[in-house]
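This report concerns only the one structure given below.
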Amino acid sequence: MPELPEVETIKNALVPVIVGRKILDVITTVPTLREPLNQKELRKNIHGNVLAIRRRAKFLIFDLPGNNCLIAHLGMTGSFRVEPEKAPLLKHDRVVFLLDRNEKLIYNDIRRFGVIKNCKLSAPDKLPEEFAVFGPEPLEKNFNARYLHEILKRCKGPVKPFLMRQDIVVGVGNIYASESLFMAGISPLRPGNEITLEECKSLCDSIKRVLRDSIKQGGTTISDYRKPDGSEGKFVLRLKVYGRDGQECKKAGCKGTIEKIRQGGRSTFYCNQCQR
DNA sequence: CCAAATCCCTGCGTGC
DNA sequence: TGCACGCAGGGATTTG
């Protein structure tokens, strides 16, 4: 569930609380998340001052001394919170980072689809080598109509699943893919290679607007997602199609109905009238 | 080579 | 009330 706006919101909340603090120790409570949790490796490398917290794609990067960093991916149900050292652990608390000033940073993940690991960077400010496969950040200038058109013209299948591919553009998940296509008035069923440069411009702009608007609202809370302070993101109130199957289209003057279909094993929501 | 299907995991809602 | 089942979806892996 956490897509780019949710991860960005979490980063923004963690920066003032965590940057400059010292990690003293790491405790794991389960052997694996999506990948095995290597407690030995984590304890050895994840310690010292947190120099910065960055986001790339749906990953958080906690920069540490010695070009070490902690990589965190929240999967579907991951969350972070800060508590006093003595506070009891809750169900599904998977990794605990002991901090200075008698506090701890806790990673909770019901379904264990997340990733917590350490990584050595080639230089400060560099990204982990495994991130080389990622496409552009959707809010950066190198994600634009010309780029998207160039990619999509090689995509024969329906456009929507391609928007969720992290090697094409990062950070767009199931919710924002549906919402962006609605805003652009493009059907999720349209073959990628039939989408014109002009439509790519519209789609590109829509992706940027939807993501920026959601970040402003603190992300989308559907069920599990919470900001680190426990509050909910407000973008759910602005969703136009996601989760609205059977309801009226919200576009002014449109008499369409929101449909729900399955694409690539995921639900897609779209208006049967104003998305062509 | 590309795309669709499957799997990982837990909680929740539904129908019988 | 309880149980079986489907669904939620990020992403790696498998299958077609």
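Side-chain atoms are counted along with the backbone in the values below, which use heavy atoms only and exclude waters and symmetry mates. Naming: A, B, ... by sequence-line order, numbering from 1 per chain.
- Of the candidates B:dG11, C:dA8, B:dA3, the closest approach to any side-chain atom of A:His92 belongs to B:dG11.
- Residue A:Lys58 places at least one side-chain N or O under 4.0 Å from the OP1 or OP2 atom of C:dG11.
- Side chain of A:Arg94 to backbone of A:Asn108: no donor-acceptor contact under 3.5 angstrom is found.
- Within the 4.0 Å cut-off from OP1 or OP2 of C:dG11, at least one side-chain nitrogen or oxygen of A:Gln166 is found.
- For the segment residues 147-158 of chain A, the set of residues with a heavy atom within less than 4.0 Å of an atom of DNA chain C is empty.
- Across C:dG10, B:dA3, B:dC9, the shortest atom-to-atom separation from the side chain of A:Arg112 is found for B:dC9.
- In DNA chain B, stems built from 3 or more consecutive Watson-Crick or G-U wobble pairs, each with both distances under 3.5 Å, span B:2-8 with C:10-16, B:10-16 with C:2-8.
- Between A:Thr77 and B:dC9 there is no side-chain polar atom (N or O) within less than 4.0 angstrom of OP1 or OP2.
- The hydrophobic cluster of A:Val115 has no other members, since no ILVMFWY side-chain heavy atom comes under 4.5 Å of it.
- Distances from the side chain of A:Arg165 to the nucleotides B:dG11, C:dA12, B:dA3 place B:dA3 closest.
- Side chain to side chain, A:Lys40 and A:Asn45 fail the donor-acceptor criterion of an N or O pair below 3.5 Å.
- If you check every strand for non-hydrogen atoms under 4.0 Å, A:Phe59 touches nothing.
- Note: A:Phe59 and A:Phe131 have tilted aromatic rings, judged against thresholds of 30 and 60 degrees for the angle between ring planes.
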TODO: Applying side chain to side chain contact (heavy atoms under 4.5 Å, CB included), run through A:Tyr270 and A:Leu181 and close with a yes or a no.
DONE: CA-CA 8 Å; A:Tyr270 71 105; A:Leu181 285 163; over 6 Å; no
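- Here A:Lys260 reaches the OP1 or OP2 of C:dA8: one of its side-chain N or O atoms lies under 4.0 Å away.
- Only the P atoms considered, B:dC1 is 24 Å distant from C:dG11, to the nearest whole Å.
- A:Gly265 comes within 4.0 angstrom of nothing in the nucleic acid, heavy atoms only.
- Counting atom types as modelled, A:Arg266 pairs a side-chain N or O with a base atom of C:dG11 as donor and acceptor under 3.5 Å.
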